[in-house]
Each structure stands twice: as structure tokens, then as C-alpha cells.
Amino acid sequence: MNIIDISTVRNQTIEAGGYIIFDKTNVRRGLAILHVDGTPSTLIYPKGVYIATLNADVTPIGAGEITVALENNGVVLNKATFMGVAGIGENVAFSFPVSVLKSCECVDNHADLKISVSADATVNANLMVSRKVY
């Protein structure tokens, strides 16, 4: 089994269009999923299907629509959108399968997962990515 569980260790302010920075690796098993603490990227190299599970408390700084999105190499895979009220927190949670194709000498198909936030907000989050190998 390959698994990584990462989180923020404090509330952080994210500017519109920015990415959540994950400060702490809570659990890591296997070599397929990599994360460097203090960065937004979670990298996956071996081919396979992985499950990404996000749980985030999002408090908008202003009122209006806000989207929290799981991106792979800059492409949105899944998202949660809600109408935010300034200073009122909302919990966002979802799971989504991420398919990583086999790489070869001419094509690098690794995944670079990031979580973006569409509007200014304070965020505290946890991301778990796992792959069960039979």
C-alpha cells in the first residue's frame, strides 16, 4: 500500500487563485507518493489509480462564490463550490480517483496534485492520497 496523509498545521490565508500549502506529513508509507512539507504539490510517479481525499475548513474573507478544487498538472479534476459569507466557515470534503498513466522515455505522465481556492479565504486542510496494490 502507498499512502500519504498531509495537513496544514495552522490556519493560512490563501489569495484568490492560490494553492493550499501543506506543512506537515502525518503518515507516509511506500515510495509512490511524494510531498515536501511547506509546498502545495503532491507528486505521484508510478502508474495506477489513486484516491485523493480532501477535508478542508474554509472561511471566506469576503462574501460570494468560492470554489475549492483538486488539480492535476493544472487541470481541475474535482471541485466543491459554495456561496461564502465573510467570516463564516464551511467544511469542504470530497474524494476523487486520480489515474496516472505509465511513463516512458519520451513522455512523463507523473501527477502533480494541488488544491486551489478561487477567492480570498482562511483555510485549514487535510489531504490523503492512497493506492492499494494487490
Side-chain angles (χ1 to χ4, degrees):
M1 172 179 265
N2 288 282
I3 188 168
I4 197 161
D5 181 274
I6 57 179
S7 61
T8 56
V9 294
R10 62 189 169 8
N11 286 339
Q12 58 184 260
T13 301
I14 308 294
E15 292 183 4
Y19 294 102
I20 297 172
I21 303 296
F22 291 95
D23 303 309
K24 182 179 178 194
T25 300
N26 302 310
V27 174
R28 180 171 181 243
R29 182 172 180 181
L31 301 174
I33 309 164
L34 306 171
H35 172 75
V36 175
D37 290 348
T39 68
S41 292
T42 301
L43 303 172
I44 305 171
Y45 287 94
K47 73 174 182 169
V49 177
Y50 298 77
I51 301 296
T53 301
L54 174 71
N55 189 339
D57 292 322
V58 181
T59 304
I61 293 174
E65 186 175 273
I66 188 166
T67 299
V68 178
L70 169 66
E71 297 182 12
N72 180 18
N73 295 315
V75 176
V76 174
L77 299 178
N78 196 20
K79 62 186 178 182
T81 301
F82 64 95
M83 288 304 293
V85 176
I88 305 296
E90 182 81 24
N91 182 264
V92 173
F94 59 77
S95 292
F96 196 78
V98 177
S99 180
V100 179
L101 300 175
K102 183 178 180 178
S103 293
C104 63
E105 292 177 10
C106 58
V107 178
D108 179 5
N109 284 319
H110 80 278
D112 181 1
L113 303 180
K114 295 180 183 177
I115 306 296
S116 64
V117 181
S118 69
D120 294 351
T122 301
V123 178
N124 192 354
N126 176 264
L127 177 66
M128 185 172 64
V129 180
S130 63
R131 175 182 177 220
K132 189 169 186 178
V133 180
Y134 296 97

Heavy atoms of Ile21 and Thr39 approach each other most closely as CG2-N, 3.8 Å
State, to 0.1 Å, how close Ala119 and Glu65 come at their nearest heavy-atom pair, and which atoms those are. CB-O, 4.2 Å
If you measure from CZ on Arg28 to CG on Leu34, what distance do you get to the nearest 0.5 Å? 5.0 Å
Between the side chains of Ser103 and Asn109, does any donor sit under 3.5 Å from an acceptor? no
Are side-chain heavy atoms of Ile33 and Leu43 found at a separation under 4.5 Å? no
Is a side-chain donor-acceptor pair under 3.5 Å present for Asn91 with Asp57? yes
Using a distance-only test with no angle check, is there a side-chain donor-acceptor pair under 3.5 angstrom linking Thr67 and Thr81? yes
Within-4.5 Å side-chain heavy-atom neighbours: Ile66 and Phe82: yes
Quick one, Ile44 and Val129 - any side-chain contact, counting heavy atoms below 4.5 Å? yes
In this structure, which one of Asn55, Thr53, Leu54 forms a side chain to side chain contact (heavy atoms under 4.5 Å, CB included) with Phe94? Leu54
Does the side chain of Ser7 come under 3.5 Å of the side chain of Asn26 through a donor N or O and an acceptor N or O? yes
Is Thr8 reaching over with its side chain to a backbone N or O of Phe22, donor-acceptor style, under 3.5 angstrom? no
One should read off an interatomic distance between Arg131 CZ and Lys47 NZ, to the nearest 0.5 angstrom, of 8.5 Å
Should the pair His110 and Tyr45 be assigned to parallel (<30°), tilted (30 to 60°) or perpendicular (>60°) ring geometry? parallel
Any side-chain donor-acceptor pair under 3.5 Å between Ser41 and Asp112? yes
When rounded to the nearest 0.5 Å, the distance separating CE of Met128 from OG1 of Thr42 is 12.5 Å
Under 6.0 Å from the CZ atom of Arg29, do we count more than 12 heavy atoms belonging to anything else shown? no
If you measure from OG1 on Thr13 to CD1 on Ile61, what distance do you get to the nearest 0.5 Å? 5.0 Å
One pair to check against salt bridge (Lys or Arg N to Asp or Glu O under 4.0 Å): Asp23 and Arg10. What are the steps and the verdict? CA-CA 9 Å; Asp23 303 309; Arg10 62 189 169 8; 3.3 Å; yes
